[in-house]
Amino acid sequence: MSQSSQHSRSRQQAATTALDQVRNIGIAAHVDAGKTTLTERILFYTGASHKIGEVHDGAAHMDWMAEEQDHGITITAAVTKAPWRDHLLQLVDTPGHVDFTIEVERSMRVLDGVVLVLDAVRGVEPQTETVWRQRCRFGLPVLFFVNKIDRPGADFLRVLDAIRERLDVEPVAMTVPLAEQHACIDLLHRRLLRFHGEQGEELSAEPCPDALWAPVAELHEALLLAAAEADDDLADLVLNGGEPEPERVLAALRRGTLAGRIFPCFGGSALRNLGVQPVIDAAVDLLPAPLDRPAAIARRPDGEPETVAIGAKGPLVALVFKVQLWDGRRHCFTRVYRNRLKVGDTVAFQTADGRVLKEHVARLFDIDAGRKTKLEEAGPGQIVLIAGLRHAATGDTLCDPEHLLALERIEARQPVLSLAIEPAAGTDEEKLLEVLDKVEQEDPTLKVEEDPETGQRLLRGMGELHLQIVLERLEREFGQQVRTGRPAVAVRETVTHKARAEQLHCRPASPDGKQPELSAWAMVEVVPRGRGEGNAVSCRPRLRPETAALSAEQQQALEDGLQAGLASGPLQGAPVDDVAVALIEVELFGQQSTPDALQAAATRALVKALSEAGPVALHPVMRVEVVVPESNLGSVLGDLQQRRAAIQATTTAQASVDDSASIRCEVALEALLGYTTELRSLTQGRGQYSMEFERFDVV
C-alpha cells in the first residue's frame, strides 16, 4: 500500500472511529531519551508509515522542520495518527529540551494519556521530572517505556528504583527486556516475546522458559498485587495464591491506570526494534479514551462554571492550544471537545484581555507531522488545524457565538534570556518587526521588547538554543537577517526589609489656565515575601478627610499606580517580585485629586518605599544535571564551584555499570552562558548537561 493511501485510510478512520476507540496520546521525555525514535516505530508497526525514519539521519517523519533535522532534536510538537487493533491512536511527539517546554505544556493540555520515555542508563533526568510535574497538573494516566536497554550500563530494574525515588510512585513492570536475546518477557501472560524480521516487525510468542522466568517471578507477583488493589474480588484470589485470568488482571490494571494509582512499565530499545509492540498494545488496553477522562470545566462570561463533556451534545467548544506559521500563513492547532466544527462556521472567543471576537473558519486540515490534508468537518475528540483565524491565540476557546465559554487558559513561563537585535544591512526594519510579531504570536514564551534606557530591541526567550532556533527560522523562512549582541539574563528585583513612604503629588495650574492644578497624597508600605510567593497588593486605604469617598475611577487609578510601581524597580528598572504592597492612606484635595493625580501619587510613593526597603536583584537560578566521565569529575566540580554552583548530589559509577558520574546542582543562569563549550573542553567532548528554570533568587 502506498504511503498516501495509508494516510488517507487513517484520515477516514479518524472521521468514523467511535470515541471509545480513540486514544489521544503524547510521547514525552528528557531530551535524547528516544521519543521520536519510538514514535517512528509506532508509525511503522501500525502501518501509518511505510518506512522508519531515523533521527540521526535527519529523516524522522515527525521531525519535519529544517531546524529539527539540522540539530537532531525535536523543537515543535508534531501531531499524527496511527491505526491499531480497530482503534485510532492520535499521537503527539513533544520536545525534550527545556527551552521548548511550552510545547509540552500546551500539548499536555489536550491529551488524554502519556507515554513517558526514560533512558535505561540515565534513568529519571531533570526534564523527566519537569514533564512529570506537567503530567500531574493535568492528571494524565502514564505508561513508562524504559528505552536504550541495549546500551552499556543499561539497567531496567535500576530505572524502576529511580522512578520510585525521584517521582514518588510505584512502577509496575509489564515486560522485562532481554537485550542479548532480542526478546522480552511478558509478565502478564508469562510469555517470551521475540522480535524478528529486518525491522522487528514480526513478533512471536512462546511460553517463558523456567530459567528465564525464575529471576522475574517476583515482578509477576508485584504485577498481580498491583492489579488486586484495583479489584477487591481479584485481591481475594491473589492473596490466596491463585493465578487469575490475564484478561481479568488487565481490566483491573486499566482501572488502576486510569485512576492514577498504577504506572505500567515496559522495557526495550526503539532504535533496535525491541519491545515496541507491547507498548502500542498497552496504549489501547490501558490508556483512556476521551470518554474516560473527567469532563472539562469552562466559565461563562458571568463567571459561572459549566461542565463540558466530550461528545456531540451541546453548543460547540474547542480549544486552540497552539498557533503555528505554516507556509507563511497562520494556523491554529485545535482540539474539539463538544459538537462539530465545520468549514465556514462562525466562532466566537474571549481573548486574554477580555475582548470577545468573532471569526470564520476558512479551512480545516487533518495533520500528519509536516503534512496537512483538507477536511470538511471535525468531531469531538479530534485534533485538527484551522486556517483563517487571524486573532485567535494559544489558550482561546472557540465557541458557538450564542453560547460563549472559556476553558482554563494555558500558562506560559516568562522568558529568562534576552538578545539585543537589529536589522542586518539590507534588511527592512518594518518587515522584520512584522515577522517578529508573527513569531511572537506563535510562541508564548518569546517576547520582543524595547529597552527603555538604551532603545535597543530585545528578543527574549527561554535559553540560548531557543533564541538560536528563532534566529535561524527568521533567516530560513522569512529571509530576515539580524545582528545580535551578547545574551543578557532577565532579572527581577525585590526588597529585604519592611519600609513605608509617603508622597505628595502636586502639579500647579498652567499659566493659561488650560491645565488645572492637581494634588494627591499617598502612603505605601512594602514588606518582603518568600521566594516564589509572588506579589500581594492591597489597595484599601484610609481616607483623609474621613468624610471623603473614592469613585470607581479613582480606586482603579490607585490600583493601576501600584502595578506601575511594581513594573519597574529602583535598581535596574526590572519587574519587582515577591513583595507585599499595601496602600495605607490617601489624602484627597477635592476636584484636584483626579484619577491621574492619585495614580501618580501611588506610583511615586511605592517607588520611594521600594528604594528605602533594601532593594536587591533576583537572578534566574537553574536546576542543572551534568553527566561526565568519572575521570573528569574533579575538574568539572572545580569549574562548577568557580561558577558558584550549589552542589546537591554527586553520583559516581558505583551505582552504574558505565564509567560516568552525574552532578546535580543549582547555578545562576549568567554563569552558564557558553558553558557547553567549556564542558566539552574539560571532558574531551564527552560531557553533557541539561538545565531547567528553578526560581528567581539572590545570588
Side-chain angles (χ1 to χ4, degrees), residues 14 17-20 22-26 79 90 92 102 105-114 134-141 258-260 287-323 332-361 364 375 377-386 388-412 444:
T17 304
L19 278 173
D20 61 354
V22 172
R23 300 293 183 268
N24 193 21
I25 302 164
V79 181
Q90 289 192 121
V92 181
I102 182 61
E105 182 79 17
R106 54 190 180 184
S107 297
M108 292 274 191
R109 179 70 175 76
V110 296
L111 294 173
D112 297 324
V114 178
Q134 291 171 315
R135 164 262 155 200
C136 290
R137 188 175 305 129
F138 299 112
L140 298 179
L258 298 191
L287 289 180
L291 296 175
D292 296 321
R293 297 286 295 146
I297 303 297
R299 296 279 173 184
R300 299 172 186 154
D302 60 6
E304 288 298 310
E306 179 175 319
T307 301
V308 177
I310 291 275
K313 296 181 179 179
L316 172 70
V317 177
L319 181 71
V320 175
F321 67 94
K322 177 179 174 180
V323 175
C332 295
F333 283 79
T334 305
R335 187 189 187 191
V336 181
Y337 282 80
R338 194 168 70 185
N339 210 300
R340 303 190 74 80
L341 187 64
K342 301 181 182 66
V343 173
D345 279 355
T346 298
V347 295
F349 55 91
Q350 189 170 11
T351 63
D353 58 9
R355 293 176 299 147
V356 176
L357 301 178
K358 292 183 181 180
E359 296 196 273
H360 294 282
V361 177
L364 276 177
L375 295 174
E377 64 176 22
Q382 275 189 265
I383 293 176
V384 293
L385 201 62
I386 302 178
L389 304 183
R390 296 174 56 201
H391 302 290
T394 297
D396 286 342
T397 304
L398 307 182
C399 310
D400 184 321
E402 302 299 320
H403 193 87
L404 198 63
L405 289 173
L407 293 164
E408 180 185 357
R409 300 197 72 85
I410 297 171
E411 294 182 9

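These numbers were taken from a predicted model, which means no experiment stands behind them.
In this structure, the side chain of Gln90 engages the main chain of Gly381 through a donor-acceptor pair within 3.5 Å. Side-chain N or O atoms of Arg135 include one that pairs as donor or acceptor with a backbone N or O of Leu140 at under 3.5 Å. Listed for the Asn339 side chain is a donor-acceptor partner under 3.5 Å among the backbone atoms of Gly314.
Residues Ser107 and Lys322 form no side-chain contact, since every pair of their non-hydrogen atoms from C-beta on lies 4.5 Å or further apart. Residues Thr307 and Ile297 are in side-chain contact: their nearest non-hydrogen atoms beyond the backbone lie under 4.5 Å apart. Using a 4.5 Å cut-off on side-chain heavy atoms (C-beta onward), Phe321 and Ile410 make contact. Side-chain atoms of Arg409 and Asp396, non-hydrogen and from C-beta on, do get closer than 4.5 Å to each other. Residues Phe333 and Leu385 form a side-chain contact, since some pair of their non-hydrogen atoms from C-beta on lies under 4.5 Å apart.
In this structure, the side chain to side chain contact (heavy atoms under 4.5 Å, CB included) partners of Pro380, at least two apart in sequence or on a different chain, are Leu19, Ile310, Arg340. Taking the side-chain hydrogen bond (donor to acceptor under 3.5 Å, both in side chains) definition, one finds that Asn24 meets it with nothing, sequence neighbours left out.
To the nearest 0.5 Å, atoms CD (Glu359) and CG (Asp345) are separated by 13.5 Å. Distance check: Glu408 CD to Phe138 CZ gives 6.5 Å after rounding to the nearest 0.5 Å. From Gln350, atom CD reaches atom CG of Leu357 across 9.5 Å, with rounding to the nearest 0.5 Å.
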Is there a side-chain contact (heavy atoms from CB on, under 4.5 Å) between Thr334 and Leu319 once you walk through the steps? CA-CA 5 Å; Thr334 305; Leu319 181 71; 5.7 Å; no
Start with the C-alpha distance between Asp112 and Asp292, add both sets of side-chain angles, then the distance that settles side-chain contact (heavy atoms from CB on, under 4.5 Å), and finish with yes or no. CA-CA 9 Å; Asp112 297 324; Asp292 296 321; over 6 Å; no
Run the side-chain contact (heavy atoms from CB on, under 4.5 Å) check on Leu398 and Ile386 step by step: do they pass? CA-CA 11 Å; Leu398 307 182; Ile386 302 178; 3.7 Å; yes
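Minimum heavy-atom separation, Leu287 to Leu258: C-CD2, 3.9 Å. Shortest non-hydrogen contact noted between Asp20 and Leu291 is N-CD1, 4.2 Å. Residues Cys332 and Val320 share a closest heavy-atom pair of CB-CG1, 3.9 Å. The nearest pair of heavy atoms linking Arg23 to Pro288 is CD-O, 3.4 Å. Nearest heavy-atom pair across Val336 and Gly379 is CB-O, 3.4 Å. In plain terms, the two heavy atoms of Ala348 and Pro401 that are nearest each other are CB-CA, 3.7 Å.
At most 12 non-hydrogen atoms from other residues, nucleotides or ligands lie less than 6.0 angstrom from NZ of Lys358. Atom NE2 of His391 has more than 12 neighbouring heavy atoms from other residues, nucleotides or ligands inside a 6.0 Å radius.
Pairs engaging residues 301-313 under the salt bridge (charged side-chain N to carboxylate O under 4.0 Å, His left out) rule: Arg300-Glu306, Glu306-Arg338 [sequence neighbours left out].
When Glu105, Arg109, Arg106 are each tested for a side-chain hydrogen bond (donor to acceptor under 3.5 Å, both in side chains) with Thr394, only one passes: Arg106. Exactly one of Leu316, Val110, Thr397 qualifies for a side chain to side chain contact (heavy atoms under 4.5 Å, CB included) with Tyr337. That residue is Val110.
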